[in-house]
Amino acid sequence: MNTVLFLIVYPVIVALLLLILPQLAIRKFIVVASTAILTAASIYLTATYFNTGAVFFEFGTEALNVGIFAIELVLAATIIIISIKHKQFLAALLMLIGAAMTIWFEQTYGEEIHVANNLFVDNLSLIMTLIIGIVGSLIALFSLGYMEEYHHHHHDMKNRTPFFFFIVYVFLGAMYGVVFANNLMWLLFCWEITTFCSFFLIGYSRDEIATKNAFQALKMNLFGGLGFSAAIILLFMNAHTVELNQLSGLASAVVLLPAALLAFAGITKSAQMPFCSWLLGAMVAPTPVSALLHSSTMVKAGVYLIIRLSPIFAFVQGGATVGLFVAMVGAVTFVLTSFMAISQTDAKRVLAYSTIANLGLIVVCAGIGTYELVWAAIMLVIFHAIAKSLLFLSVGTVEHNLGDRVIESMDGLIVKMPKVAVGMVIGIAGMFLAPFGMLISKWAALEGLVAANPILTVFVAFGSAATLFFWTKWLGKLIMIKEKPADFHPHVPGSQSFTLTCLAIMTVGVCLLFPLISKYSLEPFIASIYGHAYMLDQSNVAILLIMMALVLVLPLRLLSYENLNYKPQYLAGTNLSEKEKFYGSLGLTRDLSMRSFYLASIFGEDKLFKLGVVSSIILILIMIGVGM
Amino acid sequence: MSGMNSWIAVVLYIVLAPIIGGLIAGVDRKISARMQGRFGPPLLQPFYDVFKLMSKENIVVNKHQKFYVLCFLIFVIITGCIFFSGGDLLLAIFALTLGSVFLIIAAYSTYSPYAYIGAEREMLQMMAYEPMVILTIVGMYMVTKSFNVVDIFTYNQPLIYTLPGIFLGFLFILTIKFRKSPFDISMSHHAHQEIVRGVITEFSGKELAYVEIAHWYENVFLLGMVFLFFATNWAIGAAFAVVTYLLEIFIDNNNSRLKWQFALGSAWIVALILGVGNIAVLALK
């Protein structure tokens, strides 16, 4: 209980300290110490509660609720003022409606609301805790070196690093709040704070595009927040509860519409179609922000909420239909964003599309909500959080050294920056190849879907094929062996290489340890809801582990090659004595260079995006309609 | 198949698959030659080729390519081992994908333009056939309620009765998998000039032999997949596997290579119509 509170409050205190103490040395000390403390506290909490099942805490006083209400109003006023200042009247209006709903609700029903348990811990929140505590604070650590370099590369930009760290730590506190809250009003409060953090961090550079994209993200997430507020109000009016753990026990007539609205909020937060443009726009933020908010934690809050709803989709009468349409939104998103990722040249944009696609797959699993699929969904959350933050941070590191983040510039990265490249290779392999994590969960997802709804496997089949294409072509670029330019001297600060190393080890580590994670964490959790648990077949797990061992051991073979006769590559007889140059037409010496397929005529954004927006809006309308 | 039996199957596969695969390649070359009005090489020519390649000097652009090709061979063999030991079909396909990715990055690692274009086209081919492969397994599960080859193999009715669409769709993508015209866009046994030899341009000696052997293993695995559709009767199953391969040779010799757009488009349309159609029918039943 105390640890739970500590995890919520401590990051906020750190945030305030970092804001009022802008000295670099002090910041370094505080961030390093906080990384250790948050990691330790998260692990301690997990160790305490992983065996206890769900534990609920009453915690909460009238004063606290008044305090939260006051903070909500102050924040709302701030956002409205900022929006009006930037002539973003829609954002102001959405915020105003949200605030009005909260005030009206508090005024009308405030007296009647009695919450038995405000906070709780179960294995799903523990898994999220570990992701926030370990991955989150590692990313904060990475930011130490990164933000220095960032301002070195953008000297004309005002240095607001203390503000950056302030928001990052407030965000961590709010994320803990999201995963521990049982009182939906508290959950919404923390949810909205993460929206605001995202808004401030996307707009960090304060240039025109950043500001525009920040407001876009704000508008879409506030719109989702309205759905959340409406769900709470409806729930209380019809069922007199605002507690998350009560939902799946409610009658179908009372709970379906709120569930649909909450799923809608989750869909906006997880940047599913038609809302995925905000996450693409969010890529203007400094890279640690993309890693922290827009891949490993905040967008996961959306799918976290949908996973919480999956017992409703599975058990409540009529829930399956609502869940099916939730899943369809995820399926459409998964396929189309995987396709569009093929046509992207900007590494961060590829990562963004892939993030949206994977969130889509999680939404598919949670929407159908059978016990196998919930297993797959949670595993996807874990694997994705680690591998994707590794990839984002690696791209950030590479960008500072190469000067851009275009995939075409990453030719031969394995020669130029071997360690970072190996990290990226691990991250990419982790995203789509056996025996790595995402594939394990994709496999479980396929198994679960074919049993529950075979037509949905069609989406997975086509989406996965596209996934294979865009990851492999990136992988190929990284591992090309070419001459290292003499004047290239990469620099990676210690805090960055430490974080990258940790994340790379964790990416491989969770693949080796996943049977244990499943046994001690997921299976008891799922069994407590569904009565029986899911795990991949033992012999398959054994084969996966053997494959993993091979993948780890085989590279040793590289050390033992001898007596090789090295020759330059075949260039149709026009090779020159200089490497990687050839004798071109008109007798000119030309550099060897190669460009990948992006297939824009087939997988371009213009057509596919519209298709996705239209079809997903229809699906969402049906989803909410079915809820009524 | 449990315990002992599956180990025996694995050993038999590892030993026999290259022999069978090599013989198939020999027959293939012979029949192709006759179709083209040539006499053709001896039946055992593929083995002579591979033995000769094994004894050649190690010429490489870099040492990484050797490593990746080795991994390609190992994971293709693992694919067959999973399959013939009666294991999980999805896992077998995932292992094959991993192997194929190793071949592609072996080509990339050489930084050679011809290998590069071959690698890119190889990925296109993978993207083209992958959905149909997954749908095939989904279909098999829907009928037999299992992903395990052993359960599918012992199912009491030939799958072809319930999965005719999926079988035809699978046949279609087999042409890509066997690297036959009109879909041999990433590499070729013939002297197609514009990409030299595509993916395998930079491999020589032992590497090239490994690639060849891996294809033998892979082809035996693929014919095993064909066999699964008729598994209630060994003779009919084997006959269909043979007919399928003869059909592929026929298609190979009667088509010229087409563009990648056609490979991707046609394979996906086939998967959508035959594969998804078949699954929809099963789901509605």
Side-chain angles (χ1 to χ4, degrees), chain A residues 342 411-412 414 429 432-435 439 443 446-447 449-451 453-455 457-458 460-462 464-466 468-469 472-473 475-477 479-482 537 539-540 543-544 546-547 550-551 554-555 557-558 561 563-572 580 592 594 596-597 599 601-602, chain B residues 57-67 70-71 74-75 78 82 87-88 90-91 94-95 97-98 101 104-105 107-117 119-120 123-124 126-128 130-135 138 141-142 147 196 201-202 261 264 268 271-272 275-276 279-280 282-283:
Chain A
I342 292 176
D411 274 7
I414 195 90
F432 81 110
L433 278 179
L439 193 107
W443 180 11
L446 262 177
E447 286 200 355
L449 282 177
V450 73
N453 189 333
I455 295 296
T457 59
V458 176
V460 180
F462 280 90
S464 301
L468 193 66
F469 187 84
T472 313
K473 75 178 178 182
L475 192 61
K477 284 269 165 196
I479 54 87
M480 280 176 173
I481 308 293
K482 50 185 283 198
D537 187 55
S539 57
N540 288 335
I543 295 172
L544 274 177
I546 293 171
M547 282 169 69
L550 274 174
V551 170
L554 279 171
R557 183 74 181 96
L558 277 174
Y561 285 121
N563 299 326
L564 299 182
N565 183 355
Y566 290 98
K567 288 275 192 283
Q569 53 278 80
Y570 175 73
L571 295 177
E580 291 163 20
L592 187 55
M594 291 159 222
S596 289
F597 285 1
L599 316 185
S601 60
I602 303 176
Chain B
E57 188 192 6
N58 266 319
I59 296 177
V60 293
V61 180
N62 63 64
K63 65 178 177 180
H64 295 251
Q65 68 183 67
K66 283 180 77 71
F67 163 67
L70 175 72
C71 292
I74 291 176
F75 282 100
I78 290 178
I82 297 171
D88 193 297
L90 277 174
L91 184 56
F94 295 150
T97 305
L98 178 61
V101 168
I104 291 170
I105 61 176
Y108 269 115
S109 80
T110 60
Y111 198 57
S112 149
Y114 299 101
Y116 187 96
I117 188 77
E120 300 259 314
M123 291 188 315
L124 276 167
M126 285 179 78
M127 183 160 67
E130 197 74 10
M132 191 61 228
V133 174
I134 301 282
L135 294 180
V138 167
Y141 177 91
M142 289 176 74
F147 288 108
V196 188
T201 304
E202 299 296 340
Q261 285 91 339
L264 182 65
W268 277 22
L272 276 175
V276 178
I279 286 176
L282 288 175

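Below, read A as the first sequence line, B as the second, and so on, with proteins coming before strands; counting in each chain starts at 1. As the structure is a computational prediction, the values presented were derived from the model and not from experiment.
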- In terms of heavy-atom pairs under 4.5 Å, which option from L98(B), I134(B), V60(B) contacts chain A the most? V60(B)

- Item | Nearest atoms (heavy-atom pairs only) where S596(A) meets E120(B) | OG-OE2, 3.1 Å

- Message: Can a donor-acceptor pair be found, under 3.5 Å and without considering hydrogens, that links the side chain of Q569(A) to the backbone of T110(B)?
- Response: yes

- Under 4.5 Å from any heavy atom of chain A - which part of F94(B): both

- Note on the structure: The reported gap from CD1 in I602(A) to CE in M127(B) (rounded to nearest 0.5 angstrom) is 7.0 Å

- Residue S464(A) versus chain B: region with a heavy atom under 4.5 Å: neither

- Query: At a heavy-atom separation under 4.5 Å, does Y561(A) approach chain B through its side chain, its backbone, both, or neither?
  - Reply: side chain

- Item | Interchain contact, Y111(B) with chain A, by part (heavy-atom threshold 4.5 Å) | both

- L135(B) and A461(A) have their tightest heavy-atom pair at CD2-CB, 4.2 Å

- Task: Against chain A, label E202(B) side chain, backbone, both or neither, depending on which of its atoms sit under 4.5 Å from a heavy atom there.
- Result: side chain

- With a 4.5 angstrom heavy-atom cut-off, which part of I78(B) approaches chain A: side chain, backbone, both or neither? side chain

- Message: What part of L468(A) gets within 4.5 angstrom of chain B, counting heavy atoms only: side chain, backbone, both, or neither?
- Response: side chain

